[in-house]
Amino acid sequence: MSSKRATSLKDVADAAGVSVATVSRLLNGSLQLPPETKERIDKAIRDLRYEPNPHARRLSRGRSETIGLVVPDIANPFFATLVAAVEQEADKRGLALSLHATLNRPGREISYVTALARNHVDGLIFVTNHPDDGELAAVINQAGKVVIVDEDVPNAIVPKLFADNEEGGYLAGRHLADHGHRHIVYIGGPQEMISTRRRFLGLERALMERGEPFQVTRYEGSFTVEFGRQAARRFIDEGKQATGIFASSDEIAIGLIEVLLAEGVSVPGEVSVIGFDDVGPLHLFAPPLTAIRQPVRALGERALALLLETNWQEPETLRSEELLPVEIVVRNSVAPPSKQ
């Protein structure tokens with residue numbers, strides 16, 4: 001079968017007896033023409049069935065109307081929900097979304113940020129899930145319009161948007177303390193991460209407010225199901241001394257509960273558990289898991305608004321940090337300790 005070449009801007013210009021520049025400027029709204037000239041161009045467009053390239057037209061105006069979004073993993077329910085929120089908000093604003101998953105690898109992050117900055121996207125929403133040695137921050141600072149969401153990239157001088165992690169830790173600590181728990185295991189991600197540090201600080205502050213002796217044992221590793229399993233085995237091997245556990249992500253909580261139930265450890269009979277994120281199906285657990293709920297959809301929506309509303313010519317606005325509120329969702333996984 002033979003294929004027909006698509007009609008070009010030059011074809012229209014030739015048919016109308018004008019220059020390519022005249023047709024281009026008419027289509028992008030930057031030129032007023034005599035009615036008869038405009039009618040000739042319009043007739044040529046109709047006759048030749050010319051379809052303007054919207055991407056090329058946007059670039060000619062100095063913008064792509066496309067936003068870049070870089071996340072560690074779209075299989076993780078937290079990041080999948082965040083992506084969906086950004087996509088829907090972009091659609092409301094007539095913007096396209098260029099999505100890239102890095103598998104949480106520093107090299108992929110750097111290559112995506114660099115490529116997106118070169119490819120004329122109007123801005124970039126960036127999410128990481130691991131510590132940075134400084135290389136990523138340097139690339140972000142050179143990239144232009146970038147908003148960092150969920151986890152920090154220290155020394156990156158761009159607007160940042162986080163959930164209120166310390167308040168989340170505080171709510172978890174207060175709930176456990178209200179039920180009489182004084183010895184708690186805190187299971188966090190990498191200790192360098194802002195979420196790990198702030199959630200622990202909030203937990204500790206809530207326990208200190210009681211004015212009673214307490215002990216917090218820290219297990220810190222990664223926000224993964226496998227680390228949740230490892231933490232559960234460590235808890236059991238160490239003799240289950242604590243009466244409460246604060247698992248600082250859904251993924252950790254899933255691995256933790258899996259092993260506890262398999263080993264016959266009763267929740268909340270022997271140990272109470274609180275999770276964090278509340279994006280996964282924690283309400284389907286046995287028992288349903290109490291958790292700190294992050295405003296994941298609001299993070300996605302606000303990230304796009306922040307990207308579009310920031311005055312990128314004002315240095316002080318680039319050092320902003322905005323926190324969105326969290327809440328505790330009380331279910332059935334916390335009870336008073338059976339041992340003191």
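Just so it is clear, the values below take in all heavy atoms, side chains as well, and ignore hydrogens, waters and symmetry mates. What you see is a predicted model, and the numbers here were worked out from it, not measured in a lab. Throughout, residue positions are numbered sequentially from 1 according to the sequence presented.
- Note on Leu282 and Val259: same hydrophobic cluster, where clusters join Ile, Leu, Val, Met, Phe, Trp and Tyr whose side-chain heavy atoms are under 4.5 Å apart, directly or indirectly.
- One N or O on the side chain of Ser333 and one on the backbone of Thr290 form a donor-acceptor pair closer than 3.5 Å.
- Looking only at distances, no side-chain donor or acceptor of Arg198 sits under 3.5 Å from a matching main-chain atom of Glu166.
- For the pair Arg218 and Phe200, the distance from NZ or CZ to the six-membered ring centre is under 6.0 Å and the angle to the ring normal is within 45 degrees.
- Around atom CG of Asn155, no more than 12 heavy atoms belonging to other residues, nucleotides or ligands sit under 6.0 Å away.
- Between Glu39 and Arg46, at least one side-chain nitrogen of the basic residue sits less than 4.0 Å from a carboxylate oxygen of the acidic one, meeting the salt-bridge criterion.
- The backbone N or O of Ala44 lies less than 3.5 Å from no partner atom in the side chain of Asp47, so there is not a single donor-acceptor pair.
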Step-by-step salt bridge (Lys or Arg N to Asp or Glu O under 4.0 Å) determination, Arg331 to Asp278: CA-CA 11 Å; Arg331 298 190 179 102; Asp278 202 44; 3.0 Å; yes

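- Formation of a donor-acceptor pair under 3.5 Å by the Asn129 side chain with backbone atoms of Asn104 is not found in this model.
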Stepwise side-chain contact (heavy atoms from CB on, under 4.5 Å) test for Glu238 and Tyr219: CA-CA 12 Å; Glu238 291 179 352; Tyr219 302 166; 2.8 Å; yes

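- Under the 3.5 Å distance criterion, the side-chain polar atoms of Asp250 are matched with a main-chain donor or acceptor of Val279.
- Side-chain contact of His100 with Thr102: a donor-acceptor pair under 3.5 Å is absent, judged by distance alone.
- Between the side chain of Asn76 and the main chain of Phe78, a donor-acceptor pair closer than 3.5 Å is present.
- Remark: the Ser272 side chain and the His181 side chain contain an N/O donor-acceptor pair separated by less than 3.5 Å.
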From CA spacing to verdict: side-chain contact (heavy atoms from CB on, under 4.5 Å), Ile41, Val18: CA-CA 8 Å; Ile41 296 174; Val18 297; 4.0 Å; yes

Stepwise salt bridge (Lys or Arg N to Asp or Glu O under 4.0 Å) check, Arg233 with Asp237: CA-CA 6 Å; Arg233 295 186 188 103; Asp237 291 345; over 6 Å; no

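- Dense packing is recorded around CD of Glu309, with more than 12 heavy atoms of other residues, nucleotides or ligands lying under 6.0 Å away.
- Between the side chain of Thr196 and the backbone N or O of Pro190 there is at least one donor-acceptor pair closer than 3.5 Å.
- Under the side-chain contact (heavy atoms from CB on, under 4.5 Å) rule, Val147 has a single partner from Val158, Leu306, Leu304, Val127, which is Leu306.
- Arg40 contributes a side-chain N or O that, together with a main-chain N or O of Ala16, makes up a donor-acceptor pair within less than 3.5 Å.
- One N or O on the side chain of Ser248 and one on the backbone of Ile187 form a donor-acceptor pair closer than 3.5 Å.
- Crowding of Ile74 atom CD1: a count of heavy atoms from other residues, nucleotides or ligands under 6.0 Å not exceeding 12.
- Between Lys10 and Asp14 there is a salt bridge, since a side-chain N of the basic residue sits under 4.0 Å from a carboxylate O of the acidic one.
- Proximity of a side-chain donor or acceptor of Asn141 to a complementary backbone N or O of Ile157 within less than 3.5 Å is detected.
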